[in-house]
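Input: a single structure, listed below in structure tokens.
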Amino acid sequence: MGVVRILLPLPRAAAKWAPEKGGPLLGAALSYCVTPSWAGLPPPSPARRLAWAEEAVAAYRAAADTAGLSRALALRAHALLLSGRFEEACGAVDEAVAVWGAGAGGDAGEAVAVRGARDRTTPDEAAAAGAGAGAGADEVTAAGAATGHATVAGTAADDAAAAGAGLGGVSAVPDVCAGAAVGGGGAVSPAVAAFLGDVRAQALAGVGRAEDALPVARASVAAYRRLPAPDRRDRALGSLPGALRTYGMLLATTGRREESVAVYEECAALLAAMSLRELAHVERVRPQVLAELVGVLRASGRHEDALGVGPEAREALRGPLAWTVPETVLPLRVRLLVDLARCHTATGDPAEARACAQAAVAEARKPHGAGELTSALDCLADVLGELGQTDKESLARRELAELRDT
């Protein structure tokens, strides 16, 4: 990414003097910068990603390259999502889908189905919108083919329905690649369709519409399952493990915990079977999946199972990720330690519960973990109360009250 970024003035000059030829070159360079592929290095900030994505959109528009434009708009939607601008991310997905619908040679109906998810509120309508998000994928899943993934019973049925088996009145899934994109850009990549579904699902969840997001996420999983082995560019557009993680998170949010556990476990199995090279493209998904699986198991009352996953989850949150993306890792680590402390308390091991709770508070006192300090102190106070250490408990509760008052 560094070399490409340094050389950006060259394609910018080419795009200025010859937009039709230089525009796609500039768009491709900027898209590469937005989606860095170097594992273990700090990612660009969301603001910088958004600026590059918007410049790529402008370059592809000037070149009338529809396929490139739809990809750049998808990357812009993702950058808005990373920035916490969820409503705008939904709008950007709509725009990307409109471009792909206009350029997909008669498959505009699919674009309408995906776009409709933003405004629909009934389960059938939201399901129909979700079916559109997964359209256009091929038969073989990249990660699944490599690992021989075992599809969890129950999830497969939902995915099949989302893929177009009569879900919410959508009886068939059109092929987004059936038509050529307008403006010489070639066929629209099915990876873009799957990626847009995942981005939309997360954005809908971000604005508190988890029920509407659920069928969209399910359809995105179905689309990723049918993707062929991704090329170099498409590997940057999400992954099956990432889509499964979104789906599992939404199932948990909507109270479907057992289904959520099944999806998280399938995702963990996929990740465990991946090679180091494959894992480099989904390095942040594994710690999220394992930490969130512990949380869902604990919420389901399966404390022993949660403690069984705990050591692997703690190990996944160590290493390079802790310093490349501390804003992601530290909150996860605190929540994981709190969940483990609660599980140890439930299984009658207060000493271990105290150790986890104290570690959670120590992590939460670090800058990127401060948002979780309240829950960590609450957990520590409860554990100290169980141990009869009333003086220390009162100190923790006093600090907790001060935090809540500020």
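What you see below is based on every heavy atom in this structure, not just the backbone, and it leaves out hydrogens, waters and symmetry mates. Just so you know, these numbers come straight off a predicted model, no measurement behind them. By convention here, the first residue in the shown sequence is residue 1.
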Exercise. Report yes if the side chains of C343 and E304 come closer than 4.5 Å at any heavy-atom pair, otherwise no.
Key: no

Quiz prompt | Which atom of G23 lies closest to which atom of A59, heavy atoms considered | solution = O-CB, 3.6 Å

Self-check item: Those residues that, when tested against S260, pass side chain to side chain contact (heavy atoms under 4.5 Å, CB included) (two or more places apart)
Solution: L251, A252, Y264, V296

Quiz prompt | Pairwise distance CZ(R200) to CG(D212) - rounded to 0.5 angstrom | solution = 10.5 Å

Quiz item: Where do V192 and A74 come nearest, in terms of heavy atoms and distance?
Solution: CG1-CB, 4.1 Å

Quiz item: What are the two closest heavy atoms between L403 and L377, and how far apart are they?
Solution: CD1-CD1, 3.4 Å

Practice problem: Working to the nearest 0.5 Å, report the span between CG of L75 and OH of Y32. | Solution: 13.5 Å

Exercise. With the side chain counted from C-beta on, respond yes when L321 and T324 share a heavy-atom pair under 4.5 Å apart, and no when they do not.
Key: yes

Self-check item: Non-neighbouring partners of R335 that pass side chain to side chain donor-acceptor pair (under 3.5 Å), sequence neighbours left out
Solution: E372

Exercise. Could you tell me whether the side chain of T246 and the main chain of Q202 form a donor-acceptor pair under 3.5 Å?
Key: no

Practice problem: Spell out, as yes or no, whether a donor-acceptor pair under 3.5 Å connects the side chain of Y60 to the backbone of A28. | Solution: yes

Quiz item: Considering only heavy atoms from C-beta outward, does the side chain of E55 approach that of C33 to under 4.5 Å?
Solution: no

Quiz item: Between R342 and L337, is any pair of side-chain heavy atoms under 4.5 Å apart?
Solution: no

Quiz item: For R314, does the CZ atom sit with more than 12 other heavy atoms under 6.0 Å from it, leaving out its own atoms?
Solution: no

Self-check item: Rounded distance [0.5 Å steps], CZ in R397 versus CG in L395
Solution: 12.0 Å

Quiz item: When rounded to the nearest 0.5 angstrom, what distance separates CE in M249 from OG1 in T254?
Solution: 10.0 Å

Quiz item: Does a side-chain heavy-atom distance below 4.5 Å link R71 with F195?
Solution: no

Practice problem: Give the C-alpha distance, both sets of side-chain angles, the deciding distance and a yes or no for salt bridge (charged side-chain N to carboxylate O under 4.0 Å, His left out) between E95 and R61. | Solution: CA-CA 13 Å; E95 190 176 0; R61 281 195 200 281; 2.3 Å; yes

Self-check item: Which atom of G295 lies closest to which atom of D339, heavy atoms considered
Solution: CA-OD2, 3.3 Å

Exercise. Answer yes or no: is there a side-chain heavy-atom contact under 4.5 Å between W52 and P44?
Key: yes

Practice problem: For the pair K366 and V334, evaluate side chain to side chain contact (heavy atoms under 4.5 Å, CB included) and give the outcome as yes or no after the intermediate values. | Solution: CA-CA 10 Å; K366 298 176 182 178; V334 175; over 6 Å; no

Quiz item: For R318, what residues pass the side chain to side chain donor-acceptor pair (under 3.5 Å) criterion, not counting sequence neighbours?
Solution: E315

Quiz item: Taking only residues two or more places apart in sequence, or in another chain, which ones meet Q288 in a side chain to side chain donor-acceptor pair (under 3.5 Å)?
Solution: none

Quiz item: Is a side-chain N or O of R257 found less than 3.5 angstrom from the main chain of L297, in a donor-acceptor match?
Solution: no

Quiz prompt | Check against side chain to side chain contact (heavy atoms under 4.5 Å, CB included), L30 and R12 | solution = CA-CA 10 Å; L30 290 164; R12 280 178 176 143; 4.2 Å; yes

Self-check item: Stepwise salt bridge (charged side-chain N to carboxylate O under 4.0 Å, His left out) test for E258 and R302
Solution: CA-CA 10 Å; E258 288 305 316; R302 296 169 57 179; 3.3 Å; yes

Quiz item: What's the verdict on side chain to side chain contact (heavy atoms under 4.5 Å, CB included) for F86 and L80, showing C-alpha distance, side-chain angles and the deciding distance?
Solution: CA-CA 7 Å; F86 303 120; L80 287 166; over 6 Å; no

Quiz item: Under 4.5 Å between any side-chain heavy atoms of R286 and V289, yes or no?
Solution: no

Quiz prompt | From OG (S31) to CZ (R76), nearest 0.5 Å | solution = 13.5 Å

Quiz item: Does a side-chain N-to-carboxylate-O contact under 4.0 Å join R256 and E211?
Solution: no

Quiz item: Looking at E399 and K392, does any basic side-chain N land under 4.0 Å from a carboxylate oxygen?
Solution: no

Practice problem: List for me each residue that meets side chain to side chain donor-acceptor pair (under 3.5 Å) alongside R354, sequence neighbours excluded, and say none if there are none. | Solution: none

Quiz item: Does H344 have any ring pair (Phe, Tyr, Trp, His ring centres under 6.0 Å) partners at least two apart in sequence or in another chain, and if so, which?
Solution: none

Quiz item: For D405 and E402, what are the C-alpha separation, side-chain angles and deciding distance, and is it a side chain to side chain contact (heavy atoms under 4.5 Å, CB included)?
Solution: CA-CA 5 Å; D405 288 341; E402 291 171 357; 5.7 Å; no

Practice problem: Any chance you could measure E278, atom CD, to L271, atom CG, to the nearest 0.5 Å? | Solution: 10.0 Å

Exercise. Measure across D198 and A243 and return the closest heavy-atom pair with its distance rounded to 0.1 Å.
Key: OD1-CA, 3.9 Å

Quiz item: If you look at every heavy atom in P287 and L317, which pair is closest and at what distance?
Solution: CB-CD2, 3.5 Å

Quiz item: With a 4.5 Å limit on heavy-atom distance, are the side chains of D382 and T345 in contact?
Solution: no

